[in-house]
Amino acid sequence: MEIFDSVIVGAGVAGLSAALFLGRAGRPTLVYDGGKPRIFAVEEVREFLGFDGITPTELLARSRDEVLRYGAEIRAEAVQSIRPREDGLFDVQSGSGTVRARTVVLATGTVDELPPLSGLPEAWGRDVKVCPCFDGYEVRNQRFVVFGLPERLAYMASWVFMWSPQVIVVSQHAFNEADAERLRLLNIGVTRDEVTGLIHRGGKLVGVSTESGHEIACDATWIVAKSRAASDLAASLCEVDEFGIAKTDAGGRSSRPGVFVVGNASDSWAHLAHATAAGTKVGPIVTLYLLEKLLAEKRAAAAVRAVAPSLAAR
Ligand SMILES: Cc1cc2nc3c(=O)[nH]c(=O)nc-3n(C[C@H](O)[C@H](O)[C@H](O)COP(=O)(O)OP(=O)(O)OC[C@H]3O[C@@H](n4cnc5c(N)ncnc54)[C@H](O)[C@@H]3O)c2cc1C
């Protein structure tokens, strides 16, 4: 069976950054990826220094090339399960078989749970936006509609206000006094209704349709949605929260020795820069973990050698 120092699951920026470090450290490293990184929802990457406007395809293609240059291997396959062994190693199973790993880095990302609105799948990441950090600049001072889960609606509406004062919240939610005051102070109107679909004319978003049959004109929408772990691998190996997001320390160490979790899989708020940094940060931590394991093995072997002559003399 093939044995790798590290098996990384997920070839988004977090997993590939970890692979770049481990490859350059000479560690036999295998990366699995069974789907699409989350950033593929957009046409152009924003807010990633040095890469503003690059397409996700180009960003990931360049990143993969750099990783391959240093000897790490990338397989286009989903990992189905990871089984911890008694000797501290892990059996990693994919469709093509099982490999063994001394460490596992989960960089499996998150998925966004979107409501079943007409036109939403096509508009996701384009006319339906998740965070003004990524594309508020492109629609600054335009007309915004904010909708979605009630918990963070007032926060989101006031946050996008910093990019445009023309904000309407569409929701039947009864806001508590603190949230209502926040909206009032910023003159953000609340339309008591629910968004049911997006209206496009001539290929351009012109508004949203609502449950009561109205149309509300807008140029961009912001959705408050939940995201959850894209894979249940972390939940099967270590402590996770209610959304399957792994609980780790600042270095990506999970509750199980030898299992590390980085990027959106342990921080659903991470932007590309944060996810890249987390992958880069975990590289030396995994390498040190491997070093300590190697030293422990050598210590054990030396101890066996030390008692062996006395045994032979008996
Ligand atoms: C609409 C939208 C727009 C965004 N725009 C920006 C932006 O402009 N700038 C910015 O900085 N950030 C942006 N982000 C955030 C950005 O997408 C994330 O920060 C980034 O994708 C996190 O990288 P990651 O490597 O942690 O996860 P991902 O990029 O999601 O990679 C995880 C990978 O793991 C794979 N995977 C999962 N399970 C398995 C399995 N069992 N086996 C094998 N592979 C598996 C997935 O297929 C995926 O390829 C945006 C997010 C959204 C939703």
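The structure presented is a predicted model; accordingly, all values stated were derived computationally and were not measured. Just so you know, ligand 1 is whichever comes first in the structure, and atom 1 is the first atom listed for that ligand. In this chain, residues are counted from 1 in sequence order.
Between Ala225 and Leu114 the shortest heavy-atom distance is CB-CD2, 4.3 Å. Residues Arg64 and Ala11 share a closest heavy-atom pair of NH1-CB, 3.9 Å. Nearest heavy-atom pair, Leu30 versus Arg75, reported as atom, atom and distance to 0.1 Å: CD1-NE, 3.5 Å. When every heavy atom of Val111 is checked against every heavy atom of Ala230, the shortest pair comes out as CG1-CB, 3.9 Å. Between Thr103 and Ser6, the shortest heavy-atom contact is OG1-OG, 2.9 Å. Closest heavy-atom contact between Val160 and Pro132: CG1-CG, 3.8 Å.
Taking a cut-off of under 4.0 Å to the non-hydrogen atoms of Gly12, the atoms of ligand 1 that pass are 25 (O), 29 (O), 31 (O). Of all atoms in ligand 1, numbered sequentially from 1 with element shown, those under 4.0 Å from a heavy atom of Asp112 are 53 (C). Atom numbering of ligand 1 starts at 1 in the shown order; those under 4.0 Å from a heavy atom of Gly125 are 1 (C). Set against the non-hydrogen atoms of Gly10, the atoms of ligand 1 under 4.0 Å away are 33 (C), 34 (O), 35 (C). Of all atoms in ligand 1, numbered sequentially from 1 with element shown, those under 4.0 Å from a heavy atom of Leu233 are 41 (N). Proximity to His271 (heavy-atom distance under 4.0 Å) selects the following atoms of ligand 1: 11 (O), 19 (O). Heavy-atom contacts of Trp124 reach the following atoms of ligand 1: 53 (C) (cutoff under 4.0 Å). Listed by number with element, the atoms of ligand 1 under 4.0 angstrom from any heavy atom of Ala78 are 42 (N), 43 (C).
Ring planes of Phe48 and Phe51: tilted class, angle from 30 to 60°. In this pair, Trp163 and Trp159 present their aromatic rings perpendicular. The plane angle is above 60°, beyond the 30 to 60° band.
Which of Glu43, Glu44, Arg38, Lys129 comes nearest to atom 30 (O) of ligand 1 through a heavy atom is settled by distance: it is Arg38. The closest heavy-atom contact to atom 32 (C) of ligand 1, among the options Ser63, Ala107, Ser231, Pro37, comes from Ala107.
Counting heavy atoms under 4.0 Å from ligand 1, residue Ala270 touches it through the backbone alone. Proximity of Asp33 to ligand 1, defined as any heavy-atom pair under 4.0 Å, is shared by backbone and side chain alike. Contact annotation: for Val9 versus ligand 1, heavy atoms closer than 4.0 Å belong to the side chain alone. The residue Leu16 has no part lying near ligand 1, judged by heavy-atom distances below 4.0 Å. Counting heavy atoms closer than 4.0 Å to ligand 1, residue His274 contributes nothing at all.
Ion pairing between Arg184 and Glu177 holds under the 4.0 Å rule for side-chain N and carboxylate O. Contact check on Arg201 versus Glu215 returns a salt bridge, with a Lys/Arg side-chain nitrogen under 4.0 Å from an Asp/Glu carboxylate oxygen. Here Glu58 pairs with Arg62 in a salt bridge; the nearest charged N to carboxylate O distance falls below 4.0 Å. We find that Asp91 and Arg85 are joined by a salt bridge, their nearest charged nitrogen and carboxylate oxygen being less than 4.0 Å apart.
Without hydrogens or angle criteria, Glu239 side chain to Ser254 main chain gives no donor-acceptor distance under 3.5 Å.
Looking only at protein heavy atoms, the nearest one to atom 43 (C) of ligand 1 is Gly34 N, 3.2 Å. Atom 3 (C) of ligand 1 has its closest protein heavy atom at Val42 CG1, 3.3 Å. Here the heavy atom of the protein found nearest to atom 24 (P) of ligand 1 is Ala14 CB, 4.0 Å. Shortest contact from atom 9 (N) of ligand 1 to any protein heavy atom: Arg46 O, 2.7 Å. Annotation: atom 27 (O) of ligand 1 to nearest protein heavy atom, Gly109 CA, 3.7 Å. In terms of protein heavy-atom proximity, atom 11 (O) of ligand 1 is closest to Leu272 N, 2.8 Å. In terms of protein heavy atoms, atom 2 (C) of ligand 1 is closest to Val130 CG2, 3.8 Å. The shortest contact between atom 37 (C) of ligand 1 and any protein heavy atom is with Thr108 O, 3.2 Å.
From Glu77, atom CD reaches atom CD of Gln93 across 10.5 Å, with rounding to the nearest 0.5 Å. In this structure, NE2 on His214 lies 11.5 Å from OG1 on Thr196, to the nearest 0.5 angstrom.
The shortest N/O to N/O separation between Phe134 and ligand 1 does not fall below 3.5 Å. When only interatomic distances are considered, the shortest N/O to N/O separation between Asn264 and ligand 1 falls below 3.5 Å. For ligand 1, one of its N or O atoms has an N or O atom of Val13 under 3.5 Å away. In terms of N/O distances under 3.5 Å, ligand 1 is approached by Val79.
Side-chain heavy atoms closer than 4.5 Å link hydrophobic residues (I, L, V, M, F, W, Y) into clusters, and following such links, even through other members, never connects Phe4 to Val67.
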